[in-house]
Amino acid sequence: MSDARDLLGVRLSSPDKVLWAEQGVTKSELADYYLAVADRILPHIARRPITLVRCPTGAEKKCFYQRHAGSGVLPQLKEVTIPGFDEPYLYIDDEAGLVAVVQMGTLELHPWGVTVERPDRPDRIIFDLDPAEGLGFDSVVAAALDVRDRLDALGLRSFAKTTGGKGLHVVVPILPDAEWREAKTFAKGLAERMSEERPDLYLARISKAEREGRIFIDYLRNDPTSTAVGPYSTRARAGAPVSLPIEWEEVAPGLDPKAFNLRTVPGLIAKKPDPWAEMFDVRQSLGPAAAQLA
């Protein structure tokens with residue numbers, strides 16, 4: 001076993017340390033994964049305030065969230081001061097930052113829906129579709145398509161990704177011309193409308209007691225610090241799963257999110273175009289859609 005590995009100016013200690021026991025995935029392999037997907041992940045997480053899920057002893061063990069500089073934070077990570085918050089928030093700037101968070105034992109990356117240049121104005125809205133235990137994934141697929149179609153009807157284009165868990169995310173890029181409150185109000189309004197029209201399928205409240213047989217349309221991600229896992233981020237769960245952007249054509253019965261993990265994703269994305277390549281070309285304001293929904 002090697003004691004250290006120097007990578008992009010970061011000293012990766014204990015590179016052979018196993019982070020996902022079942023697969024034997026090491027810290028060095030995690031660093032290589034992030035460098036392999038750097039061109040895909042950085043446009044969506046770089047220069048955004050970020051929450052790190054640090055798991056120094058590996059996945060499925062004791063983990064903790066970190067948003068601010070402190071113990072173990074490397075100089076390759078940057079800080080941004082956000083009006084209304086006492087402490088500066090961390091953010092990643094480049095590939096060296098990706099390696100740095102790996103050295104820190106980070107297994108999940110949760111970026112804010114804002115950039116460091118405009119931390120008070122969200123530029124994306126997230127609908128997190130969270131199914132009840134035992135509900136088949138095809139039901140989540142149908143719900144995601146329903147959300148997409150409703151957004152289309154309001155004039156908003158959306159994009160899809162797996163969560164690395166049992167759900168799907170529907171992501172709406174918007175121009176940063178609305179406040180957080182407006183973004184959350186819109187997301188809540190759509191979630192409540194869906195739950196009112198199909199109470200047998202959807203739930204717009206977080207209540208676990210009411211979840212059975214339904215999908216919780218989680219609109220609560222649309223708050224400054226209520227982040228969601230980023231695209232291409234690994235998850236601190238069995239199997240080293242990855243939250244993977246996919247084409248809407250792939251959101252179909254039979255979709256298996258368990259197929260997307262740290263070892264399979266680099267090869268998969270090398271074979272096909274980026275399904276989110278056009279996200280930054282979409283220029284849509286929330287205002288007109290919010291007015292229709294109101």
Side-chain angles (χ1 to χ4, degrees), residues 7-8 10 12 19-20 22-48 50 52-53 59 92-102 106-111 113 123-124 126-129 137 140-141 144-145 148 157-173 227-282:
L7 198 58
L8 297 181
V10 180
L12 204 66
L19 298 177
W20 281 272
E22 185 177 346
Q23 291 77 27
V25 175
T26 64
K27 181 191 285 189
S28 188
E29 190 174 356
L30 177 59
D32 288 336
Y33 164 77
Y34 276 120
L35 293 181
V37 302
D39 288 347
R40 294 283 184 96
I41 189 174
L42 283 173
H44 299 286
I45 69 165
R47 301 193 64 78
R48 291 177 178 273
I50 198 162
L52 309 176
V53 179
I92 292 171
D93 209 19
D94 52 21
E95 293 183 0
L98 289 173
V99 179
V101 296
V102 173
T106 301
L107 300 192
E108 297 188 10
L109 302 169
H110 293 240
D123 65 355
R124 56 190 58 186
I126 296 177
F127 294 90
D128 181 3
L129 305 179
F137 197 73
V140 185
V141 165
L145 296 174
R148 179 201 62 181
R157 184 177 176 186
S158 60
F159 296 78
K161 72 179 180 74
T162 65
T163 65
K166 60 181 181 177
L168 286 169
H169 284 167
V170 179
V171 182
V172 185
T227 55
V229 67
Y232 303 101
S233 172
T234 54
R235 301 301 305 269
R237 300 179 180 184
V242 166
S243 176
L244 185 67
I246 53 179
E247 297 282 2
W248 275 115
E249 289 75 13
E250 299 175 85
V251 183
L255 175 65
D256 180 12
K258 294 180 181 179
F260 309 135
N261 60 59
L262 177 149
R263 288 179 171 157
T264 63
V265 164
L268 290 172
I269 67 175
K271 297 176 183 177
K272 62 180 184 178
D274 181 359
W276 283 17
E278 297 180 9
M279 180 175 284
F280 294 105
D281 296 326
V282 175

Separation of Thr26 OG1 from Asp32 CG (nearest 0.5 Å)
7.5 Å
Walk me through whether Val170 and Ile126 qualify under side-chain contact (heavy atoms from CB on, under 4.5 Å).
CA-CA 6 Å; Val170 179; Ile126 296 177; over 6 Å; no
Any idea which heavy atoms bring Ala259 and Leu268 closest together, and the distance?
O-CD1, 4.3 Å
Taking the side chain as every heavy atom from C-beta outward, state whether Pro173 and Phe159 have any pair of such atoms under 4.5 Å apart.
yes
Does the side chain of Glu250 come within less than 4.5 Å of Lys272's, by heavy atoms?
yes
Can you name the residues that form a side-chain hydrogen bond (donor to acceptor under 3.5 Å, both in side chains) with Glu22, not counting sequence neighbours?
none
If you look at every heavy atom in Pro253 and Val141, which pair is closest and at what distance?
N-CG1, 4.1 Å
Hey, could you give me the CG/NZ distance between Leu168 and Lys161, rounded to the nearest 0.5 Å?
9.5 Å
Arg48 and Asp123: CA distance, side-chain angles, deciding distance, salt bridge (charged side-chain N to carboxylate O under 4.0 Å, His left out) verdict
CA-CA 11 Å; Arg48 291 177 178 273; Asp123 65 355; 2.8 Å; yes
Which residues satisfy the side-chain contact (heavy atoms from CB on, under 4.5 Å) test with Lys166, sequence neighbours excluded?
Asp130, Pro131, Glu133
Full working for side-chain contact (heavy atoms from CB on, under 4.5 Å) between Tyr34 and Tyr232:
CA-CA 8 Å; Tyr34 276 120; Tyr232 303 101; 5.7 Å; no
Do Val242 and Tyr33 pass the side-chain contact (heavy atoms from CB on, under 4.5 Å) test, and can you show the C-alpha distance, the side-chain angles, and the key distance before you say yes or no?
CA-CA 11 Å; Val242 166; Tyr33 164 77; 3.3 Å; yes
Does a side-chain heavy-atom distance below 4.5 Å link Leu98 with Leu109?
yes
Residues that Ala160 engages under side-chain contact (heavy atoms from CB on, under 4.5 Å), provided they are two or more places apart
Ile246, Trp248, Val251
Nearest-0.5 Å distance, CZ of residue Phe260 to CZ of residue Arg235
15.0 Å
Residues Ala59 and Arg237: closest non-hydrogen pair is CB-N, 4.1 Å
dist Lys27:NZ -> Leu107:CG (nearest 0.5 Å) comes out at 10.5 Å
When you measure from the side chain of Thr162 to the backbone of Leu244, do you find a donor-acceptor pair of N or O atoms at a distance under 3.5 Å?
yes
side-chain contact (heavy atoms from CB on, under 4.5 Å) assessment of Trp20 paired with Leu262:
CA-CA 10 Å; Trp20 281 272; Leu262 177 149; 4.0 Å; yes
Close side-chain approach of His169 to Val229, heavy-atom, < 4.5 Å
yes
Non-hydrogen atoms of Gly165 and Pro257 that approach each other most closely
O-CG, 4.1 Å
Once rounded to the nearest 0.5 Å, what's the spacing between atom CG of Asp274 and atom CD1 of Ile269?
8.0 Å
Search all heavy atoms of Ile92 against all heavy atoms of Ile50 and return the closest pair with its distance.
CD1-CD1, 4.0 Å
Could you tell me whether a side-chain N or O of Ser243 sits under 3.5 Å from a main-chain N or O of Ser233, the two making a donor and an acceptor?
no
Using 30° and 60° as the class boundaries, would you call the ring planes of Trp276 and His44 parallel, tilted or perpendicular?
perpendicular
When you measure from the side chain of Arg263 to the backbone N and O of Gln23, does any donor-acceptor pair fall under 3.5 Å?
yes
Would you indicate whether the side-chain heavy atoms of Leu35 and Leu8 approach each other to under 4.5 Å?
yes
Please say whether more than 12 non-hydrogen atoms of neighbouring residues, nucleotides or ligands are located less than 6.0 Å from CG in Asp39.
no
